[in-house]
There are 2 protein chains.
Amino acid sequence: MKNNIFMSLYKDYAEQIDTGALRPGSKLPSENELAEAYQISRETVRKGLNLLAQNGYINKVKGKGSFVLDTGRLKFPISGLVSYKELSERLGKKSRTLVYATERVPAGGDIAKELRIEANQPVWKVIRSREIDGERIILDIDYLLAEIIPNLTKDIAADSIYQYLEQELLLKISYAEKVISVERATNMDHQYMDLKDDTHVVVVRGYVHLEDTTLFQYTESRHRLDKFQFVDFARRISRVEA
Amino acid sequence: MKNNIFMSLYKDYAEQIDTGALRPGSKLPSENELAEAYQISRETVRKGLNLLAQNGYINKVKGKGSFVLDTGRLKFPISGLVSYKELSERLGKKSRTLVYATERVPAGGDIAKELRIEANQPVWKVIRSREIDGERIILDIDYLLAEIIPNLTKDIAADSIYQYLEQELLLKISYAEKVISVERATNMDHQYMDLKDDTHVVVVRGYVHLEDTTLFQYTESRHRLDKFQFVDFARRISRVEA
DNA sequence: GAGTGGTCTAGACCACGAA
DNA sequence: TCGTGGTCTAGACCACTCG
């Protein structure tokens, strides 16, 4: 049970903007007014507002104020570290997860290299495809360190692995590196996805770390070309003279 | 001339990590020690360290300290709002920009819609391809509001438009939305890129805004499939009970 | 218990925008 | 000039890690 004040403020406004209660272009109360209204200090208000700005909810302009951005125009950002379950819940699409494998195996050479472990160390190998509107358009292949995750079931894989890790095992997922590229479709792609006559797929490789920087998961998320979209929100870091 | 203290601290450590002077895994001085060393308050130290953490340089662990992450293993992050010139400088690749057009034209219907302006309003249309190791692998098509950018030359387009906008026109570039997808290659793609027999290209659409939220630039960055790579660093937002 | 990072406060001064 | 957000300070208490 956390009770960060600035997180409450963040959530208040994120929700108001998500639901459309606050229209794009409208002006937020000033930082001083918010500090007064929430009965908190201005620096705490600023933490909440900065989080909103980082996530593309608002734009802050010196001397003028903070303004709601048009978030609805673009689809939801897939950037960031969000699980498929969390994402599909936000999108409200009817989707289904098909679990083809949830097995504990010794890591092969390729996987050991990606996870930076010794070959033959035990890992969980999970193969799932995501079906949306009746078509299997994503193939997720996950490898998780068995040393850290003692048990894993098909049921967990069908629901949400992250939820299990965070809420049951109390693991602290911290950060991930992702690499997106386009590659030739493999036999496995054709087997587990409805690919039609595509020759290529989009591959999103993910390297997920715990708080202590342990690399505990390597993921290949393979997407059908015509259904792939990645949305990114980027702020320009103020350039200062070198 | 800015002199943010926390930015100096950020740059000090970013450079040390970039150059390898600080090895991955090594521990930074504690926040109190840094505050003492820089003769600044701890909150200011924290701003600098948080920026390092956001950009994937370090990992902060409560009760333990801040640790340098392994940034070199993955190529440079292309995420964020960075111009091609800034990027190629960091990569140190021999690359060349070919400018095919820098012209002021009335916006066509499609472009007007992307830029959310009236049709036929004047825009700058810039067509450039990026040649790396002798192959043209990126085609950039930019549309910029002529209302905001009165003048634009081939020389500027060959160098860096962003540099011109920020340093000459003193425009404040604030944020951008980017959408990555894969689409069929057009005739133009074949004309301005060395595509071989590819049927598709990766398209990165960018919508760039000024500080006052004006949408002033729409960009299509079209990449050859086999040369495209997008690297993203993501931190998991701490989940709090709803 | 000592040291770490996470949060929060109540002030202060500044640069910028608008009236 | 006045209100805005940007930066900074010097403290405080907390939760966490580790010896």
Side-chain angles (χ1 to χ4, degrees), chain A residues 1-11 13 26-54 57-69 170-172 174-175 210-214 235-240, chain B residues 1-11 13 26-54 57-69 170-172 174-175 210-214 235-240:
Chain A
M1 183 71 168
K2 289 192 188 178
N3 56 336
N4 307 27
I5 302 178
F6 74 83
M7 192 54 91
S8 315
L9 187 146
Y10 169 79
K11 288 186 175 173
Y13 278 92
S26 48
K27 187 175 176 303
L28 264 57
S30 79
E31 296 181 348
N32 284 316
E33 288 167 349
L34 285 170
E36 176 63 25
Y38 279 75
Q39 282 294 298
I40 58 181
S41 82
R42 196 183 138 217
E43 279 291 357
T44 304
V45 170
R46 285 177 53 73
K47 279 190 191 170
L49 294 188
N50 285 336
L51 203 51
L52 287 167
Q54 274 172 37
Y57 282 107
I58 67 170
N59 193 36
K60 310 179 76 180
V61 186
K62 190 189 297 195
K64 296 181 75 175
S66 299
F67 302 87
V68 177
L69 290 178
L170 301 178
L171 292 176
K172 290 176 189 167
S174 176
Y175 64 94
L210 299 177
E211 197 185 43
D212 65 358
T213 75
T214 308
R235 245 164 222 296
R236 184 148 173 93
I237 291 184
S238 60
R239 308 277 146 204
V240 188
Chain B
M1 183 70 166
K2 290 191 187 179
N3 56 336
N4 306 27
I5 302 177
F6 74 83
M7 192 56 89
S8 315
L9 188 145
Y10 169 79
K11 288 187 175 173
Y13 278 93
S26 49
K27 186 175 177 302
L28 264 57
S30 78
E31 297 181 348
N32 284 316
E33 287 168 350
L34 285 170
E36 176 63 25
Y38 279 76
Q39 282 294 296
I40 58 183
S41 82
R42 196 184 137 215
E43 279 290 358
T44 304
V45 170
R46 286 177 53 72
K47 279 191 192 170
L49 294 188
N50 285 335
L51 203 52
L52 288 167
Q54 274 171 37
Y57 281 107
I58 66 171
N59 193 36
K60 309 180 75 180
V61 186
K62 189 190 297 193
K64 297 181 75 172
S66 300
F67 302 88
V68 177
L69 290 179
L170 300 180
L171 292 177
K172 289 176 189 169
S174 175
Y175 63 95
L210 299 177
E211 199 185 41
D212 66 359
T213 75
T214 307
R235 245 165 223 296
R236 183 147 174 94
I237 291 185
S238 60
R239 308 276 147 204
V240 189

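In the text below, chain A, chain B and the rest are named by the order of the sequence lines, each starting its count at 1.
Look at CZ on A:Arg46: it is 11 Å from C1' on D:dC8, rounded to the nearest Å. In this structure, CD of B:Gln39 is placed 21 Å from P of D:dT7, rounded to the nearest angstrom. Note: CG (B:Leu49) to C1' (C:dG6) measures 13 Å, nearest angstrom. What separates NZ of A:Lys47 from P of D:dG6 is a distance of 15 Å, to the nearest Å. As a whole-Å value, the separation of A:Lys27 NZ from D:dG5 C1' is 10 Å. Look at CG on B:Leu28: it is 13 Å from C1' on C:dG5, rounded to the nearest Å. Atom P of nucleotide C:dC14 and atom CE of B:Met7 are separated by 21 Å, given to the nearest angstrom. Rounded to an integer number of Å, the gap from A:Asn4 CG to C:dT9 C1' is 16 Å.
OP1 or OP2 of D:dG5 lies within a sub-4.0 Å distance of a side-chain N or O belonging to A:Ser66. Put simply, B:Ser30 has no side-chain N or O that comes within less than 4.0 Å of OP1 or OP2 on C:dG3. In this model, the phosphate group of C:dC8 is not approached by any side-chain N or O of A:Thr44 to a distance below 4.0 Å at OP1 or OP2. Using a 4.0 Å cut-off, no side-chain N or O of B:Arg42 falls inside it from OP1 or OP2 of D:dG11. For C:dT4, neither phosphate oxygen OP1 nor OP2 lies less than 4.0 angstrom from any side-chain nitrogen or oxygen of B:Lys60.
For the pair B:Glu33 and B:Ser30, the minimum side-chain heavy-atom distance is below 4.5 Å. Residues B:Phe67 and B:Leu28 have side chains not in contact (no heavy-atom distance under 4.5 Å, counting atoms from C-beta outward). For the pair B:Leu49 and B:Tyr10, the minimum side-chain heavy-atom distance is 4.5 Å or more.
Of the two residues near DNA chain C, B:Glu33 and A:Ile40, the one whose nearest nucleotide lies more 5' is B:Glu33. Looking at which nucleotide of DNA chain C each of B:Pro29 and B:Glu43 is closest to, the 5′-most match is held by B:Pro29.
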Using a cutoff of under 3.5 Å, can you pull out all pairs of nitrogen or oxygen atoms linking the protein to nucleotides 15-19 of chain D, with atom names and distances?
{"from": "D:dC18", "atom 1": "OP1", "to": "B:Lys64", "atom 2": "NZ", "distance (Å)": "3.2"}

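Interatomic distance, CG of B:Leu9 versus CZ of B:Arg46, reported as 12.5 Å (0.5 Å rounding). The CG atom of A:Asn59 sits 4.0 Å away from atom OG of B:Ser174, with the distance rounded to the nearest 0.5 Å.
Contacts of A:Lys60 classified as side chain to side chain donor-acceptor pair (under 3.5 Å), with partners at least two apart in sequence or in another chain: A:Glu31, A:Asn50.
Among D:dA10, D:dG5, C:dC8, the nucleotide with an atom closest to any side-chain atom of A:Ile5 is C:dC8.
A side-chain N or O of A:Asp212 and one of A:Thr214 form a donor-acceptor pair less than 3.5 Å apart.
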